[in-house]
Amino acid sequence: MAGIYIHIPFCRKKCTYCDFHFSTTFASYRTALLSQLRQEFHTRIHEITAPIESIYLGGGTPSLLSPEELGSLLEGPKKYIGNQTVEITLEVNPEDLTETNLSAWQALGINRLSIGVQTMNDELLAWMNRNHRATDTRKGLDLLQPYAFSVSIDLIFGVPKQTEEVVEELLALIDTYPIEHVSAYALTQEPQTLLHHRVKTGKEPQLNDEQQVTHYHLVEQALSTRGFEHYEVSNYAKPGKRAVHNGNYWNGKAYLGLGPGAHSFDGKSRRRWNVSNNAQYLKQQDWYEEETLSADNQWNELWLTGLRTQHGVPMERIGDLGGFRAEEQGMLEALIKQNKIHEQHNRYCLTQDHWLAADGISIQLFRAG
Ligand code: SF4
């Protein structure tokens with residue numbers, strides 16, 4: 001199985017913490033870029049040979065596109081998948097949840113919305129430089145009620161000045177609306193962001209690790225008591241509602257990424273990535289650069305992605321990559337003794353208490369490459 005990702009590199013404003021690829025001044029080349037995206041789809045779709053089971057419109061802010069523009073981007077992929085029902089996700093900013101958009105999105109076959117709620121605190125939303133306020137989220141979620149979309153929300157915790165209200169707000173939303181999936185991320189300070197600049201120049205305090213760990217456990221506890229499964233470090237789902245598209249990334253399946261900055265993977269060893277610059281993407285003839293992952297790099301990715309999920313790392317894949325070397329076997333045994341990793345159904349998984357340290361633990365099993 002495989003997925004298609006379409007990156008829309010436009011946003012209305014620049015959020016304080018964001019390092020994704022996007023532009024806020026795009027009016028002059030919006031139409032040309034969408035046409036280039038369609039062209040890229042037609043040129044590259046042959047790269048995917050497995051059946052498509054998900055389409056993901058991400059960004060950026062894809063919900064700022066008109067329904068006609070979204071329809072034109074989906075036309076090619078929908079012809080390609082024919083009558084099959086596949087997961088079609090649209091990333092949405094709360095201010096775009098209008099009656100007109102919702103009915104148009106449904107008519108286009110979009111069946112899953114991933115809504116960038118982030119927080120229900122207006123002061124924090126202003127601090128993040130988000131374009132919406134809590135009332136937009138409430139209004140939008142109210143309008144959503146009669147529609148059959150599968151609804152996921154994104155939350156950010158560990159924000160300076162954020163109190164444990166992060167959990168109160170979450171509970172209030174979950175108890176009121178039919179939310180089936182939650183992605184909850186700790187705020188990170190990425191280079192080249194306004195947040196990074198402010199911290200470096202002493203205008204903001206350093207992010208507080210202790211606060212982030214406390215919030216993480218509060219969110220986890222709140223969601224598990226409401227029947228959500230914690231299936232990836234940052235992701236929780238009601239039974240049967242896990243994200244198919246993101247699941248493919250974590251399980252090493254193939255995906256075709258279209259648009260500036262998008263990445264693709266052939267499901268085996270070849271990675272491709274597009275230029276992260278809108279002007280250059282518009283001129284692009286050779287769509288991507290690529291690398292073939294060495295066996296050691298595949299090994300590292302296996303641990304990095306596998307340990308982040310409930311399913312862990314399958315022993316069979318370890319065998320395919322030549323099995324453990326002596327020093328890796330020793331490290332694994334030490335991690336099992338420290339109760340950080342356990343064996344379950346022929347897989348190595350992180351114990352629940354150590355999910356937040358997933359990346360640091362996988363690095364201990366890395367090969368130098
Ligand atoms: S809306 Fe999303 S992609 Fe755009 S700047 Fe904000 S966080 Fe980044």
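Order of listing sets the numbers, starting from 1, for every ligand and every atom in it. Fair warning: this is a prediction, and the values are worked out from it, not measured in the lab.
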- Task: Examine the proximity of ligand 1 to Cys15 and report which part, side chain or backbone, both or neither, has a heavy atom under 4.0 Å away.
- Result: both
- Determine, stepwise, if the pair Glu40 / Asn274 fulfils side-chain hydrogen bond (donor to acceptor under 3.5 Å, both in side chains). CA-CA 11 Å; Glu40 189 184 2; Asn274 294 1; 2.8 Å; yes
- Message: Check this for me, if you would: do Arg272 and Asp266 make a salt bridge, where the nitrogen-to-carboxylate-oxygen distance has to be below 4.0 angstrom?
- Response: no
- Which atoms from ligand 1 have a heavy atom of Asn93 less than 4.0 Å away? 1 (S)
- Any non-hydrogen atom of Arg130 lying under 4.0 Å from ligand 1? yes
- Note on the structure: ligand 1 atoms nearer than 4.0 angstrom to some heavy atom of Thr61 are 1 (S), 4 (Fe)
- Message: Tell me if the aromatic rings of Tyr255 and Tyr5 count as close, with their centers under 6.0 Å from one another.
- Response: no
- Query: Between Asn131 and ligand 1, which part of the residue brings a heavy atom under 4.0 Å of the ligand: side chain, backbone, both or neither?
  - Reply: neither
- Check: Trp299 ring centroid to Phe324 ring centroid under 6.0 Å: yes
- Message: For Gly116, state whether at least one heavy atom is located under 4.0 Å from any atom of ligand 1.
- Response: no
- Note on the structure: Candidates Cys11, Gly60, Gly58, Pro9; heavy atom nearest atom 4 (Fe) of ligand 1 found on Cys11
- Note on the structure: ligand 1 to Lys13, heavy atom cutoff 4.0 Å, flagged ligand atoms 5 (S)
- Query: Does the distance from a Lys or Arg side-chain N to an Asp or Glu carboxylate O, for Arg12 and Asp96, drop under 4.0 Å?
  - Reply: yes
- Report yes or no: does Cys18 have an N/O/S atom closer than 2.8 Å to atom 4 (Fe) of ligand 1? no
- Item | Salt-bridge present (Glu232, Arg308; N to O < 4.0 Å) | yes
- Item | Sub-6.0 Å ring centroid separation between Tyr231 and Trp250 | yes
